[in-house]
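See structure below.
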Amino acid sequence: MPVVYFLATLWALWYLYLIVMGLYRAKLLGKLSPGAMVLGAPALIVGTVMDWFLNVLASVVFREWPRTRKELLTTRLTRYINGPQCQNKHWAGIICRHLLDPFDPMGSHCRQTKDYS
């Protein structure tokens, strides 16, 4: 059952990420109204808390604790992508390439080139 909860958390966090990236895109285009920001703020807050929580749970998968108590999952993924070749770098690249970068208005959420080899 814990695996189901973990997968449900991943799914919910990804949906919140999509909402936040939509708000960010509107802001970049100068089309984010104050009302939309107020309505979207809870998604940003809940998403940040879930991101932190998921990063702690991801320690099981990546076999490493977060570097700091405030580190978010994207920070960890970026660190793996920028670091030496390892299994974590491979999985970080897959996550960024398929789930994060396509929905980031800048196209590179993990702040790297498109080569996640």
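Everything numeric in this text was worked out from a predicted model, so none of it was measured.
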Checklist entry - Do Leu100 and Val61 belong to the same hydrophobic cluster, where Ile, Leu, Val, Met, Phe, Trp and Tyr are linked whenever their side-chain heavy atoms lie under 4.5 Å apart, directly or via other members? => result yes

Next on the checklist: Could you report the tightest heavy-atom contact between Leu73 and Asp51, atom names first, then the distance?
Outcome noted: N-OD1, 2.7 Å

Checklist entry - Is Ile45 linked to Leu72 within one hydrophobic cluster, defined over Ile, Leu, Val, Met, Phe, Trp and Tyr using a side-chain heavy-atom separation of less than 4.5 Å? => result no

Checklist entry - So which heavy atom on Asp101 is nearest to which on Cys110, and how close? => result OD1-N, 3.3 Å

Item to check | Side-chain heavy atoms of Met21 within contact of Pro105, under 4.5 Å | outcome: yes

Checklist entry - Given Thr78, which of Ile81, Asn82, Thr75 fulfils the side chain to side chain contact (heavy atoms under 4.5 Å, CB included) condition? => result Asn82

Next on the checklist: Hydrophobic clusters here meaning ILVMFWY residues chained together by side-chain heavy-atom distances under 4.5 Å, can you tell me if Leu13 and Leu57 are in one?
Outcome noted: yes

Next on the checklist: According to ring pair (Phe, Tyr, Trp, His ring centres under 6.0 Å), who are the partners of Tyr15, at least two apart in sequence or on a separate chain?
Outcome noted: Trp11

Next on the checklist: I'd like to check the salt bridge (Lys or Arg N to Asp or Glu O under 4.0 Å) partners of Arg79; sequence neighbours left out, ordered by chain and number.
Outcome noted: Glu64, Glu71

Checklist outcome for this item: Heavy atoms of Leu23 and Ala36 approach each other most closely as CD2-O, 3.9 Å

Checklist outcome for this item: Those residues at least two apart in sequence (or on a different chain) that pass ring pair (Phe, Tyr, Trp, His ring centres under 6.0 Å) with Trp14 are Phe103

Item to check | Backbone N/O of Gly83 and side chain of Lys89: donor-acceptor pair under 3.5 Å | outcome: yes

Next on the checklist: With a 4.5 Å cut-off on side-chain heavy atoms, are Leu99 and Ile94 touching?
Outcome noted: no

Checklist outcome for this item: With sequence neighbours left out, the residues meeting side chain to side chain donor-acceptor pair (under 3.5 Å) with Asn55 are Arg76

Item to check | With Tyr24 via ring pair (Phe, Tyr, Trp, His ring centres under 6.0 Å) - residues at least two apart | outcome: none

Item to check | Minimal non-hydrogen separation, Pro66 against Ser59, with atom names | outcome: CD-OG, 3.2 Å

Checklist outcome for this item: For Leu32 and Met37 the tightest heavy-atom approach is CD2-SD, 3.7 Å

Next on the checklist: According to ring-ring contact (aromatic ring centres under 6.0 Å, His included), does anything in residues 35-85 pair up with another residue at least two apart or in another chain? List the pairs.
Outcome noted: Phe62-Tyr80

Next on the checklist: I want to check something: taking the side chain as every heavy atom from C-beta on, are Tyr17 and Val20 in contact at a cut-off of under 4.5 Å?
Outcome noted: no

Checklist entry - Can you tell me how far OG of Ser33 sits from CG of Leu39, rounded to the nearest 0.5 angstrom? => result 8.0 Å

Item to check | Linked, directly or transitively: Met50 and Leu7 (ILVMFWY side chains, under 4.5 Å) | outcome: yes

Item to check | Shortest non-hydrogen separation from Thr48 to Leu44 and the atoms involved | outcome: OG1-O, 2.8 Å

